[in-house]
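Working notes for the structure below.
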Amino acid sequence: MSSKPQPPLMKKHSQTDLVSRLKTRKILGVGGEDDDGEIHRSKISQMLGNQMRFGVREPIGLRIWILMSAVLFTTIALIALVFPSQLYEFVFELRTTRISIRLYGGALLSVSLIMWKGLYTAEKAIIQWTLLTEACLLSVQFLVSIITLVELGLMSNSAILLLLSEVLFLIITLLYYYHLGRRTKKTQNHTHSSD
């Protein structure tokens, strides 16, 4: 039996074959947009995650705001823990039990630790949770303060100043939270470059 000579093997150049490259990328699951809106250029970046999404383009003054909040919360917490009666009397012009003010100081000190952590991180999620924690604290504090003032029938200048400052802090915190949560528009390059 005679064998026919085999034709020379033709090497397929998949790097230059655009259809083949697109099929390969589709099978690997890269090149398309994921749930977070990220476009991964390789399977490795898809599996490891694109660390650039954690590097956030921060709004102007965000770190200064978090620092101010952390310092303010820490200071008020320490005053509430060390001098509980003076803090309550200054705002509400009433005497109350020291234990409730000290408990408030302990809770505020715990929140201030979250604020300090948020100051030194670069991850968007942690910064957002920090701002959300601050907004929740300020909301609850505002509601409790206004209900207490209405029940007692008191509206001193210091109490009005406290309520206005809580609302101002809440608005600024929510603005930072909203701005940080917005998606940045990505510019996509529609030219095909070799990967």
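Treat the numbers as computed from the prediction; the structure is a model and nothing was measured.
By the rule that hydrophobic residues join a cluster once side-chain heavy atoms approach within less than 4.5 Å of another member, Tyr120 and Ile127 end up as members of one cluster. Hydrophobic cluster membership differs between Leu109 and Ile76, with clusters built from Ile, Leu, Val, Met, Phe, Trp and Tyr side chains linked at under 4.5 angstrom. Note on Ile60: it does not cluster hydrophobically with Leu62, by side-chain heavy-atom contacts below 4.5 Å among ILVMFWY residues. Criterion: ILVMFWY side-chain heavy atoms under 4.5 Å apart, direct or through other members. Under it, Leu174 and Val111 are part of a common hydrophobic cluster.
Counting heavy atoms from C-beta outward, Glu134 and Trp129 have side chains that stay 4.5 Å or more apart. Counting heavy atoms from C-beta on, the side chains of Tyr104 and Leu108 come closer than 4.5 Å. Side chains of Thr130 and Lys117 form no contact here, defined as non-hydrogen atoms less than 4.5 Å apart. For the pair Trp116 and Leu67, the minimum side-chain heavy-atom distance is below 4.5 Å.
Here the CG atom belonging to Leu175 is positioned 12.5 Å from the CG atom belonging to Leu180, to the nearest 0.5 angstrom. The structure places CG of Leu78 at 6.5 Å from CG of Leu81, a figure rounded to the nearest 0.5 Å. In this structure, the separation between CD1 on Ile114 and CG on Leu119 is 14.0 Å, given to the nearest 0.5 Å. Rounded to the nearest 0.5 angstrom, Met115 CE and Thr74 OG1 are separated by 9.0 Å. Rounded to the nearest 0.5 angstrom, Thr133 OG1 and Phe73 CZ are separated by 10.0 Å. Rounding to the nearest 0.5 Å places CD1 of Ile66 at 9.0 Å from OG1 of Thr173.
Between the side chains of Glu58 and Tyr176, no donor-acceptor pair is found at a separation under 3.5 Å.
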Name every donor-acceptor pair, under 3.5 Å, that has one atom in a side chain of residues 159-170 and the other anywhere in the protein, sequence neighbours excluded.
| from | atom 1 | to | atom 2 | distance (Å) |
| --- | --- | --- | --- | --- |
| Ser165 | OG | Leu161 | O | 3.2 |
| Ser165 | OG | Leu162 | O | 2.8 |
| Glu166 | OE1 | Phe142 | N | 3.4 |

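The two residues Thr148 and Val144 come nearest to each other via the heavy atoms OG1-O, 2.7 Å. For Ala80 against Gly105, the heavy-atom pair with the smallest separation is CB-CA, 3.6 Å. The shortest non-hydrogen separation linking Pro59 to His179 is CG-CD2, 3.0 Å.
Residues passing the side chain to side chain contact (heavy atoms under 4.5 Å, CB included) test with Thr75, sequence neighbours excluded: Val71, Ile79. Residues passing the side chain to side chain contact (heavy atoms under 4.5 Å, CB included) test with Tyr177 are Gln128, Leu131, Leu132, sequence neighbours excluded.
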